[in-house]
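Computed from a predicted model, the values in this text were never measured in an experiment.
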Amino acid sequence: MQISTVEIEGLSIAIREAGPPEAPAFLLLHGWPQSSYAFERVISRLAADYRVVVPDLPCIGGSQGMPRAGDKRTLARLMRGVAEACGLRHLVVAGHDVGGQIVFALLRDHPEILSGAVIMDVVIPGVAPWEKVIRNPRIWHFAFHAVPALPETLVSGHQSAYFDFFFNVLSKDGASIADDAREIYARAYSRPESLQAGFGWYRAFPEDAEANAKWAGKPIAVPVLYLRGAAEPGEIGDYVDGLRAAGLSKVVGDIIADSGHFVADENPEALAIRLALFHREISAASSEPTGRRA
């Protein structure tokens, strides 16, 4: 695996990259409060057969420069830039948490670059069961992170303790997220602008919800897999039904065993196997004669 940077719209985006340059590709997008390191053990399991590119989202970790906004349309455009700069072919983009919200924006705005997409452990703003989720008191941090300036003030210097709360509460077993990984994630948000960028993702939720609601029901034929950790609260069917109602006509759901919210940390082997299977299924379907497709 190599670590390098690509320049996109004046921003320096750090990427982890592995696998044969001409192979079918994965673009893996992390969420909050993580970095590209979240997929470290997934990359190694996919790289024999796929080209795998994993960026630090703008201004997080090794990425430098603040994007103009934290809305997912802006971030999706930047991630399209990463895919094009890396020359990714037969691309499946997979995103966890906020990364999954970016995947939805890619499906909505840039479906032509995608062979398939995977959304993991996240609700999409404006897409059912969004309204139910944001009313859940367990999801208090959505509202807190959206408050201007205050989260940066309170969390700065306390990233490790603050992030540990979520790793311990949202995982099936907190011990599955190793101490060294937790340290890497805390360092990825150690700069003031990194915290601001991360909280900016939450501040943009109303704008994201409005954009997604305007698009609702327009058909998107890209194959989509929705994944959820077995110990993650919520019924996966509610999320799949919401995505289908929003226009994803080829969406299916599946569960990652022995995992809560942080599936790449908690069960990287199962996640890598499921991602590879999805890519193979897409390739097989695209090679079938048109008349034989279901």
Side-chain angles (χ1 to χ4, degrees), residues 26 28-32 34 38-39 42 72 92-108 114 116-142 166-167 169-174 176-177 205 208-209 212-213 215-217 219-282 285 294:
F26 280 103
L28 306 181
L29 306 180
H30 69 85
W32 187 93
Q34 297 182 288
F39 293 104
V42 175
K72 309 315 170 292
V92 169
V93 60
H96 177 258
D97 190 81
V98 167
Q101 297 175 350
I102 298 171
V103 169
F104 187 85
L106 280 165
L107 284 162
R108 189 190 66 210
L114 303 176
V118 184
I119 297 172
M120 297 181 274
D121 288 294
V122 73
V123 65
I124 305 301
V127 174
W130 172 252
E131 293 298 333
K132 178 180 178 180
V133 169
I134 61 175
R135 290 196 300 268
N136 185 344
R138 292 184 69 253
I139 315 298
W140 57 269
H141 59 288
F142 277 28
F166 294 97
F167 293 139
V169 167
L170 298 181
S171 61
K172 180 182 178 182
D173 178 4
S176 63
I177 305 175
F205 281 172
D208 298 333
N212 292 336
W215 189 265
I220 299 172
V222 176
V224 177
L225 174 64
Y226 183 86
L227 294 179
R228 202 160 180 85
E232 177 89 298
E235 294 295 328
I236 189 171
D238 293 342
Y239 294 82
V240 173
D241 290 346
L243 292 171
R244 189 172 290 120
L248 303 188
S249 61
K250 296 181 180 178
V251 59
V252 296
D254 206 352
I255 296 291
I256 299 297
D258 298 319
S259 177
H261 180 71
F262 299 99
V263 293
D265 286 279
E266 297 182 66
N267 198 342
E269 181 175 9
L271 177 58
I273 290 171
R274 190 64 184 90
L275 291 176
L277 174 61
F278 181 61
H279 215 312
R280 290 197 301 271
E281 290 170 341
I282 291 169

Quick check against the 3.5 Å criterion: does D258 have a side-chain atom that pairs as donor or acceptor with the backbone of N267? no

Between the CG atom in D241 and the CD1 atom in I236, the distance rounded to the nearest 0.5 Å is 10.5 Å

Below 4.5 Å, heavy atoms only, C-beta onward: do Q34 and H96 meet side chain to side chain? yes

Residue pair V127 / L243, side-chain heavy-atom distance below 4.5 Å: yes

Is there a side-chain contact between M120 and L271 (heavy atoms, below 4.5 Å)? yes

Do L107 and V224 have side-chain heavy atoms sitting under 4.5 Å apart? yes

With a 4.5 Å heavy-atom cut-off, do Y239 and V133 have their side chains touching? yes

Around atom CD of E235, are there more than 12 heavy atoms from other residues, nucleotides or ligands closer than 6.0 Å? no

Rounded to the nearest 0.5 angstrom, the NE2-CD1 distance for H30 and I102 is 8.0 Å

Student check: side-chain heavy atoms of F166 and H261 closer than 4.5 Å: no

Minimum heavy-atom distance between A117 and V103, given as atom pair plus value: CB-CG1, 3.7 Å

Do the side chains of P125 and F104 get nearer than 4.5 Å, heavy atoms only? no

Test your reading of the model: is there a side-chain donor-acceptor pair from E266 to the backbone of I177, 3.5 Å cut-off? no

